[in-house]
Amino acid sequence: MIDLKQYEVWFVTGSQHLYGPQTLETVAQHSREIAGALGASAAIPVKVIFKPVLTTPEDIRTLCLEANSTPNCVGLITWMHTFSPAKMWIAGLSLLKKPFLHLHTQYGREIPWSSIDMDFMNLNQSAHGDREFGFIVSRLRLNRKVVVGHWSDAQTQKEIGVWARAACAWADSQGARLARFGDNMRDVAVTEGNKVSAQIQLGYDVYGYGVGDLVKLVNEATEAEITETVQAYLDEYDVVPELRPGGGKHASLREGAAIEVGLRNFLKAGNFKAFTTTFEDLHGLPQLPGLAVQRLMRDGYGFGAEGDWKTSALVRAMKVMNAGQEGGVSFMEDYTYHFSATGDKVLGAHMLEICESIAVSKPKLEIHPLGIGGKADPVRLVFDARTGSAVCASIMDMGQRYRLVVNVVDVVPTDAPLPKLPVARALWLPRPNLKVAAAAWIFAGGAHHTGFSYSITPEHLRDFAEMANIEFLLIDEKTEVESFKEKLRWNDLYYHLAQGI
Ligand code: MN
């Protein structure tokens with residue numbers, strides 16, 4: 001569903017006419033070579049397009065406007081091989097609406113000690129040319145990523161790749177359509193927010209529907225569609241006997257399949273990228289959608305439970321960032337604690353809706369009663385999550401701004417089997433520990449719903465937050481509660497004042 005190769009970043013080199021045509025031709029050759037190497041790098045998931053070397057304010061302005069109006073261009077990589085007087089960049093950068101990364105590199109890795117002369121020095125000036133460019137970007141107060149290092153280094157390419165993934169998610173978010181069935185769970189605060197502000201700040205549009213609009217498509221699911229979907233369940237999962245054909249509850253599985261068919265058709269017809277459901281509004285649906293949500297998430301849709309549209313958009317963004325990488329992305333909720341001498345742990349889960357992309361092994365397809373919602377027993381996938389480091393990310397509307405808070409966690413095996421727990425789950429140790437992480441999270445107003453991933457890192461999410469110009473807070477092994485609280489206070493001031501700068 002998500003293909004990052006459709007996207008491109010433009011490799012843009014700045015120079016000036018002072019050096020004459022021969023030097024500019026060399027600059028162009030070098031830039032073409034670097035752009036080619038970045039485009040060929042396995043670490044960078046998008047096309048890298050070489051653009052002609054820019055030497056005038058008019059050309060720079062024209063290129064920035066072209067980037068704005070090219071849908072597949074998710075951002076620019078800028079580099080000043082020579083000196084490029086930065087007043088030339090003011091008009092273009094002021095108009096640029098795409099994210100950009102300032103690559104502070106040099107064509108040659110090392111100084112050629114025996115042959116270096118002033119011609120060489122005049123060609124290889126990024127050490128000061130990039131500082132001139134950096135000044136004007138800072139003077140304009142524009143967000144950007146700065147990557148320092150030789151362009152052929154794996155670490156440099158990795159950092160560019162992370163940024164490119166975030167830029168794809170940002171592009172995907174612009175004009176994205178989100179579907180909500182019903183409203184937020186009544187009286188819940190953190191899942192609420194200003195949808196107009198979200199559209200202005202993050203680019204996506206949230207569309208509300210009565211659950212009856214979905215019920216209509218569920219009822220229209222054909223026997224053939226249902227049978228085909230049930231067959232996919234039988235092929236892909238360990239289906240418990242009572243749900244299998246001939247089993248006592250096979251009708252419930254077909255019911256679940258009809259929900260999946262209807263939901264999938266609804267999302268496809270409306271070109272939606274994410275959606276929400278709520279157990280408080282299920283009129284006409286026989287079960288709370290569990291299995292259907294799990295499978296649609298696996299296929300790249302963002303999801304938030306209880307009407308949580310902000311988290312659904314965040315999960316979608318993380319799905320885009322993660323496209324083509326190992327390691328999954330799921331909706332998640334901090335559910336229950338395990339206070340223990342061997343480390344305090346969090347059991348993460350949800351009533352049903354955890355994505356199978358994080359499963360350690362083939363999921364089991366089961367049916368169990370659900371204590372809330374007052375509906376028929378829902379079918380769901382049950383599994384343990386893989387072990388390893390992961391992130392939990394949460395986005396809140398703080399009134400004046402959106403805040404993205406991220407905690408790095410280490411997923412570990414459960415201390416013992418959980419034979420009676422009928423939902424998918426992950427057990428983790430938050431960094432630096434639960435005592436600090438949970439306190440910091442709570443001071444930050446972090447939500448109970450999160451986007452969870454093994455392969456997305458804080459760097460991906462920080463880059464994304466910079467593009468969106470929203471607040472970013474990280475809780476990891478270096479976090480200490482008192483300084484974190486100070487940061488929250490300073491940020492409150494900053495985000496009030498910055499609007500007026
Ligand atoms: Mn929830």
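First listed ligand is number 1; within each ligand, the first listed atom is number 1. For the numbers below, each heavy atom of this structure counts, side chains included, while hydrogens, waters and symmetry mates do not.
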Q: Scan for salt bridge (charged side-chain N to carboxylate O under 4.0 Å, His left out) pairs involving residues 155-178, sequence neighbours excluded, and state none if there are none.
A: D172-K273, D172-R316
Q: Name the orientation class of the two ring planes belonging to Y454 and F452 (parallel below 30°, tilted from 30 to 60°, perpendicular beyond 60°).
A: perpendicular
**Q.** Polar protein atoms (N, O or S) that approach the Mn ion (ligand 1) to under 2.8 Å
**A.** E306 OE1, E333 OE1, H350 NE2, H449 NE2
Q: Could you tell me which residues satisfy side chain to side chain donor-acceptor pair (under 3.5 Å) with N433, sequence neighbours excluded, listed by chain and number?
A: none
Q: Report the relative orientation of the aromatic rings in F266 and F272; use parallel for angles under 30°, tilted for 30 to 60°, perpendicular for over 60°.
A: parallel
Q) Does some side-chain heavy atom of I358 sit less than 4.5 Å from a side-chain heavy atom of F383? A) yes
**Q.** Test salt bridge (Lys or Arg N to Asp or Glu O under 4.0 Å) applied to D334 - qualifying residues, sequence neighbours left out
**A.** none
